[in-house]
Amino acid sequence: MSVLVNKDTRVVFTGITGKSGGFHAKQCMEYGTQVVAGVTPGKGGQLFEGSVPVFNTVTDSVEQAGANTACVFVPPPFAADSILECLDAGIELIIAITEGIPVNDMAKVKKKLLQTNARLIGPNCPGVITPGECKIGIMPGYIHKPGTVGIVSRSGTLTYEAVWQVTSLGYGQSTCIGIGGDPINGTNHTDAIKLFNEDPDTEAIVMIGEIGGDAEENACAYIKEHVKKPVAGFIAGTTAPPGRRMGHAGAIVSGGSGTAEAKIAAMEAAGVVVAKTPSDMGTALLEAWGK
Amino acid sequence: MNIHEYQAKQLFEKYGIPCPKGHATDSKEEFESCIDRLGDGLIVVKSQIHAGGRGKGTFTDGFQGGVKLAKSKEEALDFANRMLNNTLVTIQTGPAGREVQTVYFTEGADIDKEYYLAILMDRATSAPVVVASTEGGVEIEKVAEETPEKIFKAFVDPTIGLQPHQARNVAFKLGFEGKQAGECAKLIFNLYKMFWDKDADMVEVNPMISTPEGGVMALDAKVSFDSNALYRHKDIMAYRDLNEEDPKEIEASKYDLNYIALDGNIACLVNGAGLAMATMDIINHCGGEAANFLDVGGGATAEQVTAAFKIILSDPKVEGILVNIFGGIMQCDVIAQGVIEAAKAVELDKPLVVRLEGTNVNEGKKLLADSGIEITSADSLADAAQKIVDIVAKN
């Protein structure tokens, strides 16, 4: 079992004929994901990899190929429009990989998103994977293993690091959710932890955060109140200088808020076992889990 | 991206936001004409650097204050001459300070009362927010802590923008009355228009002032922009001042590398922003200090890796290098090849610790082992950090 995606998920890739969209669509197909359609305006009628139909619009992919989940790979200037198109087409789950979408565009998307029942993951994220069933995104499939640990993170490679540590210790993952490094995202830490908390097959949770904003603090308030499952965590950016954006648009300490110290304190207050270094995420999980 | 105050004021003028008349120049020869074009009365002489805290700053030659009020043309000239090409140290510049390359002259304004006004994107609500306070000219963080009741906010629906009544509400809450409230509301409304049109990250007017004549104007201006949106604002791009950026960061931006110079002596090269931050953290945990943040991205080429090596080695503080790659889509053997080529191209003479994990890790490790380059390999992130810290400490 899992959250968000599984073997029945039917995925449409927007931007499938682009270089990275095409590369990753193929990787996802090789993992076993049901990629049922692609969308590139003006290229409708083509076949991707000889088997996946390409449509001009997302609506066509829903009506003709039965897509219910979208993976957005279009370049930043057009990505917000692609997400809005998915919303208009009635897609239930939209996973936006694109990095570099202007924040004003995302503010408009978020406003519209809240008027629908759809869920957006990302943007600027590695995607979502339910090991052994469905991979939607750019993460390397083989480091994962089916299991019962739910992992949520704002960072890509740091998530891989956590996944790899958990897998190397002999445990697998129910689902891994990359919520992305942008200041405005569709799904935050609290949303993801809520999903894991309510999933009967997720037994333990790893939460990886970084400097900037207060999403981690809010998630900790939720954990304190509602989560009985063991939670381990890590916050990146203890040594980041204030006022500088550390690669991710959202990773910035400004005006004394968004510091790693405040997030770590919130985690500890919520009973989360905090890894002292990024090398200890796996062992922190075992400690929280009592394994 | 940050811009200078005088550039922000040029934008303000285009958007009908009143501010004191002013002229900027980077040349001593133009000082007089800048001053002559201003009206009679007091002249404010302002050093133009991106860092805040200019007024209370000190120049490295001992001259006090990066913003000065002059009572005469002669005094203004004297101040400007002492500022230009002098290095100003403020609480935000760090001890090295920043060289003043442009001086901005403005007319002195009659101040009735000072206020604070800013517009920024609120992450919690995913919407722009107007923040105003009756406590102008001081740090807003201090006000928020000590007298939060003096801060007023208006949240904006990004799909319809700031509405006139919201701007009026803020003006009335600040205590403005009658026609002057209308002037304040108009300033807020126009400032929002600029904020949204130009994809600003934040606009801060501290202070906004009321004048005895019933006017409202922006005395100072601090504006920064969303780097992701610069592609659609050629006019804003033209405001970029390379003198305000670290040369290593400028070079890195040419290769699409995310590089930030720091104070330590251990350079790091990592793929992914979160992992790059975590690598800095673990170096610190092991007793060392990172010389930089460097994210080579998810699909770095050998050319990018070589450029990255050259940039981190151009920092004279660097005494050792840690390469930490979690190969996902990016394969470890490709990265290893890049490291080898780079090490040869730059004639690497600093200790190098490499930690590879992920796709094709064994091929990658073999390439490094066979390369003839002196590389210490590490099995985990913790192992890698400890090794480079120990090696650098020993040397």
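Any value given below was found using the heavy atoms of this structure, including those in side chains, with hydrogens, waters and symmetry copies removed. Protein chains get the first letters and strands the later ones, always in sequence-line order, with residue 1 at the start of each.
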Give, for atom [atom1] of [X] and atom [atom2] of [Y], the distance between the pair rounded to the nearest 0.5 Å.
X: B/Asp226; Y: A/Met106; atom1: CG; atom2: CE; answer: 12.0 Å
X: A/Ser279; Y: B/His285; atom1: OG; atom2: NE2; answer: 9.5 Å
X: B/Thr279; Y: A/Leu158; atom1: OG1; atom2: CG; answer: 8.5 Å
X: A/Thr157; Y: B/Asp295; atom1: OG1; atom2: CG; answer: 7.0 Å
X: A/Arg245; Y: B/Phe293; atom1: CZ; atom2: CZ; answer: 12.5 Å
X: B/Thr125; Y: A/Lys111; atom1: OG1; atom2: NZ; answer: 10.0 Å

Of the listed B/Ala127, B/Ala385, B/Gly274, the one with the largest count of heavy-atom pairs under 4.5 Å with chain A is B/Gly274
Who wins among B/Cys286, B/Ala229, B/Ala278 for the most heavy-atom pairs under 4.5 Å with chain A?
B/Ala278
Can you tell which part of [X] gets under 4.5 Å to a heavy atom of chain A, answering side chain, backbone, both or neither?
X: B/Leu262; answer: side chain
X: B/Asp157; answer: side chain
X: B/Asp201; answer: side chain
X: B/Met280; answer: both
X: B/Asn228; answer: both
X: B/Glu249; answer: side chain

Checking heavy atoms, do the side chain of [X], its backbone, both or neither come under 4.5 Å from chain B?
X: A/Pro77; answer: both
X: A/Ile208; answer: neither
X: A/Glu161; answer: both
X: A/Leu114; answer: neither
X: A/Lys276; answer: both
X: A/Lys110; answer: side chain

Around atom [atom1] of [X], are there more than 12 heavy atoms from other residues, nucleotides or ligands closer than 6.0 Å?
X: A/Asn117; atom1: CG; answer: no
X: B/Tyr255; atom1: OH; answer: no
X: B/Glu145; atom1: CD; answer: no

Would the distance check show the side chain of A/Tyr160 and the main-chain N or O of B/Gly358 forming a donor-acceptor pair, the cut-off being under 3.5 Å?
no
Are any side-chain N or O atoms of B/Arg123 and backbone N or O atoms of A/Gly250, one a donor and one an acceptor, separated by less than 3.5 Å?
yes
Of the non-hydrogen atoms in A/Gly247 and B/Ala273, which two are nearest, and what is the gap between them?
CA-CB, 4.0 Å
Tell me the closest heavy-atom pair linking B/Ser126 and A/Ile184, and the distance in Å.
OG-CG2, 3.6 Å
Answer yes if the side chains of B/Asp281 and A/Thr239 hold a donor-acceptor pair under 3.5 Å, and no otherwise.
yes
Test side chain to side chain contact (heavy atoms under 4.5 Å, CB included) applied to A/Ile143 and B/Phe326, step by step
CA-CA 11 Å; A/Ile143 61 171; B/Phe326 200 110; 4.1 Å; yes
Are the side chains of A/Pro278 and B/Leu275 in contact, using a 4.5 Å heavy-atom criterion?
no
Student check: side-chain heavy atoms of B/Pro158 and A/Asn104 closer than 4.5 Å
no
Using a 4.5 angstrom heavy-atom cutoff, name the option from [options] with the most pairs to chain B.
options: A/Ser155, A/Gly141, A/Ser20; result: A/Ser155
options: A/Ala215, A/Gly212, A/Ala240; result: A/Gly212
options: A/Gly237, A/Pro241, A/Pro126, A/Pro242; result: A/Gly237
options: A/Gln165, A/His248, A/Met246; result: A/Met246

Worked check of side chain to side chain contact (heavy atoms under 4.5 Å, CB included) between A/Ile211 and B/Met277
CA-CA 9 Å; A/Ile211 52 163; B/Met277 262 189 282; 3.8 Å; yes
